[in-house]
Undergrad: 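Questions regarding the structure given below will be posed in turn.
Values in this document were obtained by computation on a predicted structure and should not be read as measured data. Below, read A as the first sequence line, B as the second, and so on, with proteins coming before strands; counting in each chain starts at 1.
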Number of protein chains: 2
Amino acid sequence: MSRLDRSLIHGLPVFAGIEPAELDRILDSATALRVPDGSAVFEQGEEAHSFFVLLDGRVRVVKTTPDGQQVTMRYIVPGELLGIAQALGRTDYPASAVAVTDCVALAWPSRLWRKFADVSPAFGANTYKTVGIRLDDVQTQVVEMATQQVERRVAHSLLRLVGQSGTRTGDGILIDFPLSRQDIAEMSGTTLHTVSRLLTAWEKKGLVKSGRQKVTVVEPHRLLLLAEGRA
Amino acid sequence: MSRLDRSLIHGLPVFAGIEPAELDRILDSATALRVPDGSAVFEQGEEAHSFFVLLDGRVRVVKTTPDGQQVTMRYIVPGELLGIAQALGRTDYPASAVAVTDCVALAWPSRLWRKFADVSPAFGANTYKTVGIRLDDVQTQVVEMATQQVERRVAHSLLRLVGQSGTRTGDGILIDFPLSRQDIAEMSGTTLHTVSRLLTAWEKKGLVKSGRQKVTVVEPHRLLLLAEGRA
DNA sequence: CTTTTCGTTTGCGGATGGTCAAAGAGCGCT
DNA sequence: AGCGCTCTTTGACCATCCGCAAACGAAAAG
């Protein structure tokens with residue numbers, strides 16, 4: 001296999017503070033991976049054989065309950081780590097990761113994670129910082145679900161997506177991957193029906209514009225007020 | 001200060017696999033701490049100056065929203081780590097930790113965490129394993145809150161407490177620290193009124209017995225069926 | 001171009017569970 | 001023993017939000 005270009009991962013926060021020589025060694029053991037829209041990077045419950053860095057596309061991390069309901073834990077954007085269960089002493093993936101657009105990722109065998117962390121403390125620290133941020137995000141989500149009603153939760157979900165995957169357009173900020181009402185519902189702990197009603201109501205107020213698997217936030221500021229319960 | 005007795009922490013999972021000599025060094029830099037019932041080990045937003053191991057008592061980890069609502073993230077039992085935000089690259093505590101009984105804990109300055117982890121890889125691994133378990137717990141909580149209705153959530157909360165802090169008695173399994181309806185509500189994302197109604201209903205069915213700040217689970221198995229939605 | 005499929009909208013009914021209010025009971029304190 | 005505080009119970013009311021069902025529309029498939 002030919003060496004991957006260093007520019008692929010140069011500048012990613014995950015690899016910040018790592019010596020160029022180390023970086024090349026890390027790249028040499030990587031496998032580049034194309035994941036077509038709709039297919040899984042890994043499945044919940046599967047043995048955690050690899051960890052990943054997403055280079056392009058969007059991945060949804062989703063937990064499925066025993067009775068088949070799905071809850072979206074987070075969306076992964078390029079530059080982020082994925083499947084790092086192993087760094088926390090787990091042997092299987094606690095959720096599934098599904099590409100929601102065509103994706104490109106780098107993959108390494110899980111056991112290499114420890115090697116990289118040993119050789120380059122910065123890499124370990126970066127990973128754990130990511131974990132810390134995600135732990136915080138999930139805890140925030142618990143607090144939201146425990147205290148806020150649906151409208152605010154959905155507003156928060158949209159704003160999170162806008163922050164991660166927002167693209168300026170003439171109308172406002174477009175979420176730049178296909179996103180259905182059902183998808184939003186699974187992030188917010190509600191039903192697609194309620195999401196649909198909310199979007200219609202918001203559209204009437206001029207807060208958003210939306211279509212089939214497409215949402216544009218026209219007035220982020222007002223949506224934020226709504227999310228924070230100050231409207 | 002006289003050396004703390006090694007037996008204090010010997011056998012705790014957190015310190016599993018660490019050389020006795022290391023253990024003594026770790027103990028030498030520890031401060032023993034009494035935390036009376038009702039007072040805080042640390043407060044949300046405060047600089048994360050220390051991390052802790054709880055030796056005796058029960059601690060509630062609680063997040064407070066800007067508008068003053070409280071959500072209990074977890075209860076800590078003896079042997080568990082507390083305040084390890086720093087290991088994940090945080091500089092402040094993301095939640096408050098309040099003693100719900102008189103407690104005894106060991107404390108170390110946060111910056112020592114890294115030293116310990118460097119010197120004793122087992123210690124680092126143990127910590128991260130704990131983090132992994134907690135991340136998983138919180139994610140499970142999100143899934144529950146997103147998909148289950150209140151009765152099942154409250155049942156789950158009680159069962160978690162029974163597993164952690166249950167004591168066999170004549171009537172069943174008693175949760176061995178003072179626990180109000182409000183406390184249960186803050187774990188489950190509901191109100192004390194709803195919890196009260198549920199407990200009364202369950203008491204009529206013979207599932208639990210409860211009194212002022214006291215809950216005994218009489219039939220854990222049937223409560224589990226309820227929690228899993230198979231009743 | 002036609003057909004099918006999939007996402008979306010919308011109405012209606014109803015249950016879950018929150019809010020408000022007030023009374024009751026257990027426990028510590030003096 | 002009596003007082004007062006806090007926790008708990010219970011009732012009544014009602015808003016939120018879910019479930020069901022049906023229709024609609026737009027994109028994809030043939």
Side-chain angles (χ1 to χ4, degrees), chain A residues 36-38 60 65 67-72 100-101 144-158 175 177-205 208-216 226 229, chain B residues 36-38 60 65 67-72 100-102 144-158 175 177-205 208-216 226 229 231:
Chain A
D37 180 7
R60 178 175 55 211
T65 63
D67 58 307
Q69 291 193 79
Q70 302 205 320
V71 180
T72 298
V100 294
T101 68
E144 280 180 18
M145 305 257 285
T147 61
Q148 300 174 2
Q149 50 194 43
V150 173
E151 185 172 36
R152 292 181 58 183
R153 299 208 304 267
V154 174
H156 265 127
S157 297
L158 282 189
I175 293 165
F177 60 90
L179 181 76
S180 71
R181 308 291 182 263
Q182 176 69 33
D183 294 332
I184 300 173
E186 285 174 9
M187 298 181 68
S188 317
T190 180
T191 62
L192 81 162
H193 305 279
T194 300
V195 172
S196 176
R197 285 182 243 270
L198 283 173
L199 286 181
T200 319
W202 290 346
E203 190 139 13
K204 277 187 189 136
K205 292 201 231 167
V208 304
K209 291 194 180 190
S210 70
R212 188 191 175 88
Q213 303 200 89
K214 181 165 74 78
V215 179
T216 304
L226 214 165
Chain B
D37 180 8
R60 178 175 54 212
T65 63
D67 58 307
Q69 292 194 77
Q70 302 205 318
V71 180
T72 298
V100 294
T101 67
D102 290 331
E144 281 182 16
M145 304 255 287
T147 61
Q148 300 175 0
Q149 51 193 43
V150 174
E151 184 171 37
R152 293 181 58 183
R153 299 207 306 266
V154 174
H156 265 127
S157 298
L158 282 189
I175 292 164
F177 60 90
L179 182 76
S180 70
R181 307 292 181 264
Q182 176 69 35
D183 294 332
I184 299 173
E186 285 175 9
M187 297 181 68
S188 317
T190 180
T191 63
L192 80 162
H193 304 277
T194 299
V195 172
S196 177
R197 286 182 240 268
L198 283 172
L199 286 182
T200 323
W202 291 347
E203 188 139 12
K204 276 187 189 136
K205 293 202 231 166
V208 303
K209 291 194 179 190
S210 69
R212 189 191 172 88
Q213 304 200 85
K214 182 165 72 78
V215 179
T216 304
L226 214 165

Undergrad: How close do S157(B) and S188(B) get, heavy atom to heavy atom, and via which atoms?
TA: OG-OG, 3.0 Å
Undergrad: Pull out every residue in residues 144-154 of chain B that has a heavy atom closer than 4.0 Å to any atom of DNA chain D, ordered by number, or say none.
TA: none
Undergrad: With heavy-atom distances below 4.5 Å as the criterion, would you say the side chains of W202(A) and V154(A) are in contact?
TA: yes
Undergrad: Do the non-hydrogen side-chain atoms of E144(B) and V71(A) ever get within less than 4.5 Å of each other?
TA: no
Undergrad: Tell me which residues in residues 195-203 of chain B lie within less than 4.0 Å of DNA chain C, going by non-hydrogen atoms.
TA: R197(B)
Undergrad: Any donor-acceptor pair, under 3.5 Å, between the side chain of R181(B) and the base of dT9(D), if you only look at N and O atoms?
TA: no
Undergrad: Tell me, do L199(B) and L158(B) make a side-chain contact under 4.5 Å, heavy atoms counted?
TA: yes
Undergrad: Taking any atom closer than 4.0 angstrom to a non-hydrogen atom of chain A, what span of DNA chain C does the protein reach, first nucleotide to last?
TA: dC6(C) to dC12(C)
Undergrad: For a side chain to side chain contact (heavy atoms under 4.5 Å, CB included) check, start with the C-alpha distance between R153(B) and M145(B), then their side-chain angles and the critical distance, and finish with the verdict.
TA: CA-CA 7 Å; R153(B) 299 207 306 266; M145(B) 304 255 287; 3.8 Å; yes
Undergrad: Would T190(A) and Q149(A) count as a side chain to side chain contact (heavy atoms under 4.5 Å, CB included) if you check the C-alpha gap in whole Å, the side-chain angles of each, and the deciding distance to 0.1 Å?
TA: CA-CA 10 Å; T190(A) 180; Q149(A) 50 194 43; over 6 Å; no
Undergrad: Under the side-chain hydrogen bond (donor to acceptor under 3.5 Å, both in side chains) rule, what do T147(B) and T65(A) come out as? Steps first, then yes or no, please.
TA: CA-CA 9 Å; T147(B) 61; T65(A) 63; 5.5 Å; no
Undergrad: Does any donor-acceptor pair link the side chain of H193(B) with the base of dT10(D) at a separation under 3.5 Å?
TA: yes
Undergrad: Okay, side chain of S196(A), backbone of L192(A): is any donor-acceptor separation there less than 3.5 Å?
TA: no
Undergrad: Does some side-chain heavy atom of D183(A) sit less than 4.5 Å from a side-chain heavy atom of V100(A)?
TA: no
Undergrad: Got V215(A) and I184(A) here, is their nearest side-chain heavy-atom distance under 4.5 Å?
TA: yes
